[in-house]
Enquirer: 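Dumping the structure here so I can ask a few things about it.
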Amino acid sequence: MKNVATLIAAGLLLVGCKDQGNEKNKMMNDTLAENNAEMSQTPFQETMDLKIEPISHATAVFKWGDKTFYTDPVGGVEAFKGIDRPDFILITDIHGDHMNAETLKAIGLDSVTVIVPQAVKDKLPEDLKAVYIVMNNGDSKELMGFNIQAIPMYNLPQSKDAMHVKGRGNGYIIENNGKRLYISGDTEDIPEMRNLKNIDVALVSMNLPYTMPVDRAAKGVLAFTPKKVIPYHYRGKNGLSDVEGFKKLVNEGNSDIDVELMNWYPERSK
C-alpha cells in the first residue's frame with residue numbers, strides 16, 4: 001500500500017507540474033498575442049525627409065533628402081539669396097508668375113536640369129543655358145532618384161479661351177522612397193486631381209478668377225485625401241483667398257487630413 005500511495009502522489013505531482021506549465025505557456029501566448037496586436041495597430045512608418053520653403057505665391061524651394069529643387073522660380077536672384085542652388089527645377093506653365101527667364105538667368109542654370117512642358121520650352125529664350133527635359137501630361141521620368149510624373153492642370157469648364165487650357169501646363173507628382181508629393185499648378189477641381197492616390201503632401205492652388213474658389217479646392221482635397229495639404233498660389237484679383245476657411249472646410253470633412261498654412265506672401269508681414 002505504501003508503494004501505491006507513493007505512485008499516486010508522484011502522479012499528482014506530475015499532473016500539477018504539467019498544469020502549471022500549460023498555464024505558463026497560455027500566459028506567454030496571451031502576452032505575445034497582445035504584443036502582436038499592439039504592433040499591428042501601430043505599424044512602423046518611415047518619415048518623409050522633406051522641407052518646403054515658400055518663396056512667394058507659386059515659387060518654392062524643396063529640400064528632399066540630399067537634393068534641392070525649385071518650383072516656378074520668379075522674383076529675381078534676390079528671392080533665392082542664401083538658398084542652395086537647385087539640382088533641378090520644375091516649371092508648370094507659361095504665365096509670368098510661373099515662368100520668368102530673367103530669374104532663371106540670374107540663378108544660373110549651368111548643369112541644372114529644368115523640367116518643362118513643351119509650351120514653356122517654346123517661350124524660353126534660346127540663349128538660356130540649361131539641361132531641358134520636356135514633359136507633357138501623362139509623361140513620367142526618373143531623375144536623381146525621383147520619379148516625376150506630369151499630370152493635367154486646367155480650368156473648368158474647358159474652353160479654347162480658358163486661361164489654363166488642358167494639355168498646356170503640368171501639375172507634378174514627385175515620388176521618392178515610396179513617398180509622394182503633389183504640386184497642383186494652376187488647376188481647378190478636375191477629375192485627374194480627384195483620382196489621385198496615396199499622396200503624402202499636396203500643394204493646392206486656390207485663387208479667383210485664375211484657378212478655383214476655396215470651397216471647390218476643399219472638395220477636391222476631400223476626394224483624394226492626402227495626408228497633408230498646403231494651400232499655395234492663393235492671391236487673386238481681390239486679394240488673398242480665405243485659407244483659414246479652407247482649413248476649416250477640409251477638417252470638417254476629414255479631421256485626419258493635416259492642413260498646414262504657410263506664409264506664401266512674406267511682403268505682407270513686413
Side-chain angles (χ1 to χ4, degrees), residues 45 47-64 70-75 79 83 90 92-93 95-98 151 153-157 162-164 169 171-174 179-270:
Q45 293 184 353
T47 58
M48 189 174 181
D49 185 17
L50 171 66
K51 295 180 181 178
I52 303 172
E53 183 174 350
I55 301 299
S56 182
H57 192 54
T59 305
V61 173
F62 299 79
K63 295 184 179 180
W64 197 339
Y70 298 175
T71 54
D72 293 337
V74 304
I83 295 174
L90 301 167
T92 62
D93 200 19
H95 292 155
D97 55 341
H98 301 275
I151 65 170
M153 47 151 273
Y154 55 91
N155 291 130
L156 293 172
M163 283 178 282
H164 305 96
Y172 294 100
I173 296 173
I174 304 98
K179 301 296 183 181
R180 286 159 59 84
L181 165 70
Y182 168 54
I183 300 169
S184 74
D186 284 12
T187 194
E188 293 199 42
D189 178 18
I190 58 176
E192 292 88 345
M193 182 175 74
R194 283 178 160 262
N195 292 331
L196 294 174
K197 304 294 183 186
N198 303 318
I199 299 297
D200 293 281
V201 179
L203 272 66
V204 175
S205 62
M206 54 195 77
N207 63 332
L208 291 175
Y210 310 108
T211 61
M212 57 184 158
V214 161
D215 61 331
R216 294 305 308 177
K219 288 178 181 178
V221 166
L222 289 169
F224 74 92
T225 60
K227 292 178 182 175
K228 174 185 284 191
V229 62
I230 300 169
Y232 88 131
H233 194 284
Y234 54 84
R235 180 178 57 211
K237 279 190 173 181
N238 296 318
L240 302 185
S241 298
D242 181 10
V243 291
E244 291 283 358
F246 167 80
K247 179 175 183 177
K248 181 180 179 183
L249 287 171
V250 170
N251 287 149
E252 284 176 349
N254 187 336
S255 60
D256 291 333
I257 298 175
D258 178 15
V259 182
E260 183 174 0
L261 303 182
M262 291 184 167
N263 183 14
W264 292 88
Y265 302 96
E267 65 274 9
R268 293 175 59 88
S269 304
K270 294 178 181 178

Enquirer: Please name the pair of heavy atoms, one in A217 and one in S205, separated by the smallest distance, quoted to 0.1 Å.
Expert: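 Nearest pair, atom of A217 first, then S205: CB-O, 4.3 Å.
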Enquirer: Does I52 form a side-chain contact (heavy atoms from CB on, under 4.5 Å) with Y232? I'd like the steps, not just the answer.
Expert: CA-CA 12 Å; I52 303 172; Y232 88 131; over 6 Å; no
Enquirer: Supply the atom-to-atom distance M206 CE to T187 OG1, rounded to the nearest 0.5 angstrom.
Expert: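 These two atoms lie 12.0 Å from each other.
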Enquirer: Can M212 and M193 be said to form a side-chain contact (heavy atoms from CB on, under 4.5 Å), step by step?
Expert: CA-CA 13 Å; M212 57 184 158; M193 182 175 74; 3.9 Å; yes
Enquirer: Determine whether W64 and L181 satisfy the following criterion, side-chain contact (heavy atoms from CB on, under 4.5 Å), listing intermediate values before the conclusion.
Expert: CA-CA 10 Å; W64 197 339; L181 165 70; 3.9 Å; yes
Enquirer: Taking salt bridge (charged side-chain N to carboxylate O under 4.0 Å, His left out) as the definition, give me every residue that meets it alongside D93, ordered by chain and number, with sequence neighbours left out.
Expert: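 Scan of D93 (salt bridge (charged side-chain N to carboxylate O under 4.0 Å, His left out), adjacent residues dropped) gives R168.
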Enquirer: Under the ring pair (Phe, Tyr, Trp, His ring centres under 6.0 Å) rule, collect the residues that match up with F246, sequence neighbours excluded.
Expert: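 F246: no ring pair (Phe, Tyr, Trp, His ring centres under 6.0 Å) contacts found.
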Enquirer: Just wondering, do L208 and N238 contact through their side chains at under 4.5 Å, heavy atoms?
Expert: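 Answer no - side chains too far apart.
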Enquirer: With sequence neighbours excluded, tell me which residues meet ring pair (Phe, Tyr, Trp, His ring centres under 6.0 Å) with Y182.
Expert: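 Per chain and number, Y182 pairs via ring pair (Phe, Tyr, Trp, His ring centres under 6.0 Å) with F224.
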Enquirer: Do any pairs count as a salt bridge (charged side-chain N to carboxylate O under 4.0 Å, His left out) and have a residue in residues 230-253, sequence neighbours left out, and if so which ones?
Expert: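 The answer is R235-E267.
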Enquirer: Please report the C-alpha distance between E188 and H164 in whole Å, then the side-chain angles of each, then the deciding distance to 0.1 Å, and finally whether the side-chain contact (heavy atoms from CB on, under 4.5 Å) criterion is met.
Expert: CA-CA 10 Å; E188 293 199 42; H164 305 96; over 6 Å; no
Enquirer: To check you understand the geometry: which heavy-atom pair defines the closest contact between P226 and V221, and what is its length?
Expert: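 So the two residues come closest at CD-O, 3.5 Å.
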Enquirer: If you measure only the distance, is there a donor-acceptor pair under 3.5 Å linking the side chains of D186 and H98?
Expert: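 Judged by distance alone, the side chains do pair up.
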Enquirer: side-chain contact (heavy atoms from CB on, under 4.5 Å) with A223: which residues, sequence neighbours excluded?
Expert: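 side-chain contact (heavy atoms from CB on, under 4.5 Å) check on A223 returns R194.
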Enquirer: Can you tell me which residue pairs pass the side-chain hydrogen bond (donor to acceptor under 3.5 Å, both in side chains) test with a partner in residues 207-226, sequence neighbours excluded?
Expert: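 Checked against side-chain hydrogen bond (donor to acceptor under 3.5 Å, both in side chains) - neighbours excluded - the pairs reaching residues 207-226 are D189-R216, N207-T211, N207-H233.
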Enquirer: Only counting residues at least two apart or in another chain, list the ones meeting ring pair (Phe, Tyr, Trp, His ring centres under 6.0 Å) with Y172.
Expert: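 Y172: no ring pair (Phe, Tyr, Trp, His ring centres under 6.0 Å) contacts found.
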Enquirer: Mind jotting down which residue pairs meet the salt bridge (charged side-chain N to carboxylate O under 4.0 Å, His left out) criterion with at least one end in residues 196-209? Sequence neighbours excluded, please.
Expert: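 Matches after skipping sequence neighbours: D200-K227.
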Enquirer: With sequence neighbours excluded, tell me which residues meet side-chain contact (heavy atoms from CB on, under 4.5 Å) with T71.
Expert: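 Listed in chain order: A60, F62, L90, I183.
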Enquirer: Taking salt bridge (charged side-chain N to carboxylate O under 4.0 Å, His left out) as the test, write out the residues that go with E53, two or more places apart.
Expert: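 Here no residue qualifies.
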Enquirer: Looking only at heavy atoms, what is the nearest atom pair of H57 and Y265, with distance?
Expert: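 Residues H57 and Y265, closest heavy atoms: ND1-OH, 2.7 Å.
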Enquirer: Keeping D72 on the side-chain end and T92 on the backbone end, is there a donor-acceptor pair under 3.5 Å?
Expert: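 Answer holds: yes.
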Enquirer: Do you know the tightest heavy-atom contact between Y234 and P231?
Expert: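 It is CE2-O, 3.7 Å.
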Enquirer: Kindly write out the residues that satisfy side-chain contact (heavy atoms from CB on, under 4.5 Å) with E192, not counting sequence neighbours, or none if the list is empty.
Expert: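 Testing E192 for side-chain contact (heavy atoms from CB on, under 4.5 Å), a comparison that skips the adjacent residues, returns P152, Y154, K166, I190.
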Enquirer: Any heavy-atom pair between the side chains of V74 and D97 that's under 4.5 Å?
Expert: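 Result no, sub-4.5 Å side-chain heavy-atom pair not found.
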Enquirer: Just jot down the side-chain contact (heavy atoms from CB on, under 4.5 Å) partners of L222, sequence neighbours excluded, or say none.
Expert: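 L222 satisfies side-chain contact (heavy atoms from CB on, under 4.5 Å) with V250, N254, I257 only.
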